[in-house]
Amino acid sequence: FQSQSPIVSGKNGATLSEVSALVRSSLISLNVVDEDEDIKDNKEIKIAIACAGENDACRGLSMDKVMEGFKELLDVVFPLHDTTKHGNEDEDEQRSCDYLLFLGPKFGPWIQNDHSSRKLFVKLSNAMKRACQHHDKHDRIIFLDCLTLFCGDSANLPGAIYGGKATPEAHLFDSDMLHLSIDG
């Protein structure tokens with residue numbers, strides 16, 4: 001495999017609509033798609049990794065609005081023109097991205113005693129997972145359920161998710177107790 005440096009395009013505190021705009025802008029600047037989201041030949045990205053949605057939920061946006069933004073993000077990564085070329089069997093598929101790895105929402109230390117936010121994150125995680133499973137390009141989307149990923153052994157306790165027993169490990173988070181540390 002040819003080694004390539006990762007391209008990072010993100011912004012702390014961004015909402016899904018802001019992330020979608022950043023991704024769209026990145027795909028255009030990398031010459032993967034043009035302004036009309038038509039895919040350019042031989043400029044595909046092997047894998048895109050994204051994490052978004054927690055900020056939208058925390059700002060009080062309705063679940064419908066958050067999911068509308070999430071579906072927009074999926075459509076930006078996999079534009080309508082992302083289809084297989086017909087004809088010669090030796091031709092590659094025309095696509096902007098081979099795979100999307102989406103990191104779902106996570107419990108962080110700040111949410112430990114906030115039962116309504118924990119419930120909201122469970123609902124958000126489940127909705128995002130369903131949206132990935134039902135998307136046209138579902139076979140190219142990997143949804144990583146991160147809800148209790150940073151909770152250590154407490155993630156396996158009975159009542160971990162709905163009973164509030166999953167305890168995020170503080171050392172995996174930055175001092176704001178929201179963003180992951182280098183260890184996380």
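Here the structure is a predicted model, which means the values were calculated and not measured.
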Determine whether M63 and M67 make a side-chain contact, defined as any pair of heavy atoms from C-beta on separated by less than 4.5 Å.
yes
Can you list the steps and then say if F150 with F107 is a side chain to side chain contact (heavy atoms under 4.5 Å, CB included)?
CA-CA 7 Å; F150 303 98; F107 287 157; over 6 Å; no
Could you give the side-chain donor-acceptor pairs of residues 155-169 under 3.5 Å, partners two or more places apart or in another chain?
from, atom 1, to, atom 2, distance (Å)
T167, OG1, K165, O, 3.4

Heavy atoms only: give me the nearest G104-C146 pair and the separation to one decimal.
O-CB, 3.3 Å
Could you report the tightest heavy-atom contact between L124 and A57, atom names first, then the distance?
CD2-CB, 4.1 Å
Is there any side-chain hydrogen bond (donor to acceptor under 3.5 Å, both in side chains) pair reaching into residues 49-74, and which pairs are they, with sequence neighbours excluded?
E54-K106
Does R140 make a cation-pi contact with F78, if we ask for NZ or CZ under 6.0 Å from the ring centre and within 45° of the axis?
no
Go through Q133 and K129 one step at a time and tell me if the side chain to side chain contact (heavy atoms under 4.5 Å, CB included) criterion holds.
CA-CA 6 Å; Q133 291 170 337; K129 184 176 185 177; 3.7 Å; yes
Determine whether I47 and D98 satisfy the following criterion, side chain to side chain contact (heavy atoms under 4.5 Å, CB included), listing intermediate values before the conclusion.
CA-CA 6 Å; I47 186 164; D98 282 350; over 6 Å; no
Any donor-acceptor N/O pair, S125 side chain to F121 backbone, under 3.5 Å:
no
Hits for side chain to side chain contact (heavy atoms under 4.5 Å, CB included) against S117, two or more places apart or cross-chain, chain-then-number order -> W110, I111, D114
Listed by chain and number, what are the side chain to side chain contact (heavy atoms under 4.5 Å, CB included) partners of L74, not counting sequence neighbours?
F70, L100, H135, I141
With sequence neighbours excluded, what pairs up with A14 under the side chain to side chain contact (heavy atoms under 4.5 Å, CB included) test?
K11, E18, V19
Is there a side-chain contact between L103 and F143 in this structure, where contact means two heavy atoms from C-beta onward sitting under 4.5 Å apart?
no
Exercise answer: donor-acceptor pairs, residues 174-184 side-chain atoms, under 3.5 Å, sequence neighbours excluded:
from, atom 1, to, atom 2, distance (Å)
D176, OD1, L178, N, 2.9
D176, OD1, H179, N, 3.0
D176, OD2, H179, ND1, 2.5
S181, OG, H171, O, 3.1
S181, OG, L172, O, 3.2
S181, OG, D183, N, 3.2
S181, OG, G184, N, 3.3

